[in-house]
Amino acid sequence: MQALIILQRQPLREQDWLLDVFSSQRGRLSLVLNRPQTVPDLFTLYQGDWQPAQDWPALKGWHRQQTWPLQDTALFCGFYLNELLVKLLPRHEPQPALFATYQATLNGLHNSPVADPWLRLFEVQLLTQLGYGFSWQQDSSGQPLQAGQYYRFVPGQGFSPAASGLAGADLLAFASGANALPLWRLARAVLRQALDHVLQQPLLSRELLLPARAAGTPTAADAATGRLP
């Protein structure tokens with residue numbers, strides 16, 4: 001039995017479901033669920049196993065371990081996490097550290113009224129684990145960042161000295177773990193550039209996050225499938 005979380009699910013044929021799964025031991029993979037009486041939920045930790053089948057491995061013997069009942073903006077943030085993982089995680093490559101970070105992020109979104117710190121920390125870990133990480137304490141040439149210097153962020157390289165832009169003092173404060181809303185906003189802008197550099201297509205969940213903060217939750221159908229409109 002392996003720990004796994006459903007990232008997306010969609011109907012397949014008449015009574016089957018195709019699941020996009022993040023597993024603690026096998027990484028991301030697709031599984032088919034044949035004629036289930038109930039369908040696994042999103043944002044839920046399961047113990048389960050699978051066996052070879054004609055098209056995709058078939059999920060067998062899954063058991064619920066923990067659920068993070070995300071609501072309102074936190075639910076859209078959960079969709080954002082799942083979409084990032086679906087678009088960026090290679091298949092069949094174990095990512096145990098990232099799996100643990102994903103669980104911690106879901107727990108943070110469920111229990112905290114503020115989503116930004118959890119999203120930013122997840123993005124940093126995702127980029128690092130996939131080999132796209134960069135230093136928040138050194139510039140692109142390996143020199144320590146200076147508090148009195150300005151920098152610009154160059155995707156794929158890191159921070160470069162500039163006449164204006166990002167204050168070195170703010171970058172160093174974020175790197176040291178300072179908890180302030182302006183720093184989380186700075187990190188969001190930088191990490192968005194970094195993620196856009198490696199993504200092959202825009203994220204649909206981003207388009208929903210801003211209106212979601214004011215308009216409430218997705219439809220029941222969207223929440224049930226994990227597919228975004």
Side-chain angles (χ1 to χ4, degrees), residues 7 22 27-28 73-90 93 95 97-106 108-109 112-214 228:
L7 299 177
F22 189 14
R28 177 175 164 247
T73 299
L75 181 59
F76 283 89
C77 292
F79 285 145
Y80 170 71
L81 299 180
N82 286 6
E83 191 178 12
L84 278 177
L85 291 170
V86 167
K87 290 187 181 298
L88 291 180
L89 274 187
E93 291 188 14
Q95 296 281 352
L98 187 58
F99 187 83
T101 298
Y102 177 52
Q103 291 183 77
T105 305
L106 292 176
L109 290 174
S112 173
V114 181
D116 273 300
W118 297 103
L119 295 181
R120 303 296 80 83
L121 295 174
F122 176 83
E123 291 164 345
V124 168
Q125 290 300 316
L126 175 64
L127 289 166
T128 300
Q129 293 296 323
L130 296 182
Y132 302 114
F134 54 90
S135 175
W136 292 82
Q137 297 175 307
Q138 297 180 338
D139 65 20
S140 54
S141 64
Q143 297 300 309
L145 298 186
Q146 302 298 317
Q149 172 71 52
Y150 287 103
Y151 296 88
R152 65 187 180 94
F153 179 72
V154 181
Q157 299 180 30
F159 298 103
S160 295
S164 61
L166 305 169
D170 289 341
L171 297 174
L172 290 170
F174 177 78
S176 70
N179 185 8
L181 182 58
L183 298 180
W184 295 116
R185 288 174 175 167
L186 177 151
R188 179 173 59 188
V190 169
L191 291 165
R192 178 162 187 164
Q193 292 182 68
L195 289 166
D196 286 347
H197 182 68
V198 298
L199 287 165
Q200 298 298 313
Q201 52 187 315
L203 294 174
L204 296 177
S205 51
R206 276 186 186 157
E207 301 176 10
L208 298 178
L209 274 172
L210 286 178
R213 295 178 191 274
L228 299 168

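- The shortest heavy-atom contact between N82 and L7 is ND2-O, 3.0 Å.
- Looking at heavy atoms from C-beta onward, Y80 lies out of side-chain contact with L85 at the 4.5 angstrom threshold.
- Residues Q95 and L130 meet the side-chain proximity criterion, which asks for heavy atoms closer than 4.5 Å.
- Between F159 and Y151, the angle of the ring planes goes over 60°, which puts this pair in the perpendicular group of the 30/60° scheme.
- In this structure, the separation between CG on L171 and CZ on F153 is 10.5 Å, given to the nearest 0.5 Å.
- Expressed to the nearest 0.5 Å, how far CZ of F22 lies from CD of Q103 amounts to 9.0 Å.
- Q138 and S135 get closest at one heavy-atom pair: N-OG, 2.9 Å.
- Put simply, the side chain of L81 does not reach to within 4.5 Å of the side chain of L126, judged on heavy atoms.
- In this structure the side chain of T105 never reaches within 4.5 angstrom of the side chain of C77, judged on heavy atoms.
- In this structure, Q129 and L98 approach most closely via the heavy-atom pair CG-CB, 4.3 Å.
- Atoms CG and CG, from L199 and L88 in turn, are 4.5 Å apart once rounded to the nearest 0.5 Å.
- Going from atom NZ of K87 over to atom CG of L195 covers 12.5 Å, rounded to the nearest 0.5 Å.
- Using cut-offs of 30° and 60° for the angle between ring planes, the W136 and F134 rings count as tilted.
- With hydrogens and angles ignored, the 3.5 Å screen pairs no side-chain donor or acceptor of Q149 with any backbone N or O of A147.
- Interatomic distance, T101 OG1 to W118 CH2, rounded to the nearest 0.5 Å: 10.5 Å.
- Two residues are said to be in side-chain contact when any heavy atoms from C-beta on lie closer than 4.5 Å; R206 and D196 meet this criterion.
- Closest approach of G165 to Y150, counting heavy atoms only: O-CD2, 3.6 Å.
- Under the 3.5 Å distance criterion, the side-chain polar atoms of E83 are matched with a main-chain donor or acceptor of S205.
- Pairing each heavy atom of R28 with each of L89, the nearest pair is NH1-O, 3.1 Å.
- Contact annotation: the side chain of H197 never approaches that of Y132 to less than 4.5 Å [non-hydrogen atoms, C-beta and beyond].
- Under the 3.5 Å distance criterion, the side-chain polar atoms of S112 are left unmatched by any main-chain donor or acceptor of L109.
- Proximity of W184 to L119: side-chain heavy atoms (C-beta onward) are nowhere separated by under 4.5 Å.
- Salt bridge status for D139 with R152: absent, with no side-chain N to carboxylate O gap under 4.0 Å.
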